[in-house]
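This report concerns only the one structure given below.
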Amino acid sequence: MHPSESIKCEKSDLLKDKKLALCVTGSIAAVESVKLARELIRHGADVYPYMTDSALKFVGKDALLFATGKEPITELTGKDEHLYDFDAILVAPATADIISKAACGIADDAVSTLIFANLEKCIFVPSMDSRMYNNEILKENIEKLKKFAMFIEPKMEEGKAKLPSNDLIVARVMNYLRRDLKDKKVLVIGGAGYERFDEFRIITNLATGKMGIEIARFAYYYGASVNLLIGLHSVDIPEYIEYEEFGGIDNLMQKIENMKGYDAIIVPAALPDFKPEKREGKVKSLGDFNAIEFEENPKFLKRLRREYKGFLIGFKAESKISKEELIRRAKERMEEYELDMIVANLIEDVDRDSTKAIIIFSDGEFEEFAGKKEDLAKRIVEIMAESL
Ligand SMILES: Cc1cc2nc3c(=O)[nH]c(=O)nc-3n(C[C@H](O)[C@H](O)[C@H](O)COP(=O)(O)O)c2cc1C
């Protein structure tokens, strides 16, 4: 078995059975292509390397042969290497030269001819000095190519247009290739809501935001256009997820009007049930603190459902009750709020990375889950994709 086989699907099977050409061109970032190829393979892709002559000055053929298990294609022969069938052609790094050649329809080596024959399947990831990247002719060429092909924006850093992280490139490739949620707009509302009781201090909860962030990540992997509304969180948000922060219930309520255009909304947020009356400055004494009055917050999901008619998934966390009682209360909530699905769990079954949960469908059927939060997120997104 070739070493590339041993890492196949190590991270996921989301690119399984996808045939990708990885075109490496003559940027110094070509040295990153070995790691990029292997990351794509870890998600299941079959990666076929193509290299320009300039790329060969930066990275050897053997490095990409080792990385992918496939002999790199560096020239055109009677085998018609430019007409091989691929699901996508990832040009990473893409030099100013290859971009401009592609925009002008030049096909004079294996890489440029493969691109010429399959422009609508190409994903370009430019990498070069910012003086080159800001060249007006290159900008025009990029605009011209964007009518046919996809571009992943480089990371502007140290005066350079650098390759973004492999994480981001792989996520974009999945989002481009997967059809499960193609053309669907998904909103995830996650994290811990909070309410202020003075200018400096808040009441909140211990939610990490992980569940919402993982659901947003998988919805993106499955091809959706994703927005994340996130409260307090102690888990990093992937750089490819667009997000906005929210604080308390009032803040969320104001955003409902903008939520109507989504195909699905998923709400694993832990929202505060009570709101303290807010004091000016800083509450100084225990007496003043004890005098703070609380009022009950309106139920966000209920209000959202009144305005929003699309696919809506709620979450219900309870504590110290039996499984049967948890299911009963979750079903009651689902009916009252007219949810399409609800995910219920007991707080004592949740830790930072794993959880037990019961996924309950609108027809009353349910399935039980125990495992990593990311696997639960994947399952929820799969069910949603089947339902939309
Ligand atoms: C050390 C070195 C680093 C280079 N880095 C880049 C780069 O990051 N991006 C780029 O567009 N060109 C870069 N070039 C210039 C390209 O290698 C050159 O334009 C070449 O013709 C590209 O050929 P290709 O597009 O066929 O691979 C670099 C050249 C050298 C010598």
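As the structure lists them, so they are numbered: ligands from 1, and atoms in each ligand from 1.
In this structure, the ring of F361 has its center no less than 6.0 angstrom from the ring center of F366. Aromatic rings from Y262 and Y308 are positioned such that their centres are separated by 6.0 Å or more.
In D236, the CG atom is not crowded: 12 or fewer heavy atoms of neighbouring residues, nucleotides or ligands sit closer than 6.0 Å.
Ion pairing between K378 and D375 fails under the 4.0 Å rule for side-chain N and carboxylate O.
The aromatic rings of Y221 and F218 sit perpendicular, their planes meeting at an angle over 60°, well past the 30° parallel limit. Taking the six-membered ring where the residue is Trp, F66 and H2 present tilted rings, their angle falling between 30° and 60°.
Protein residues with any heavy atom under 4.0 Å from ligand 1: T25, G26, S27, I28, T52, S54, F58, T95, A96, D97, I98, S127, M128, M132.
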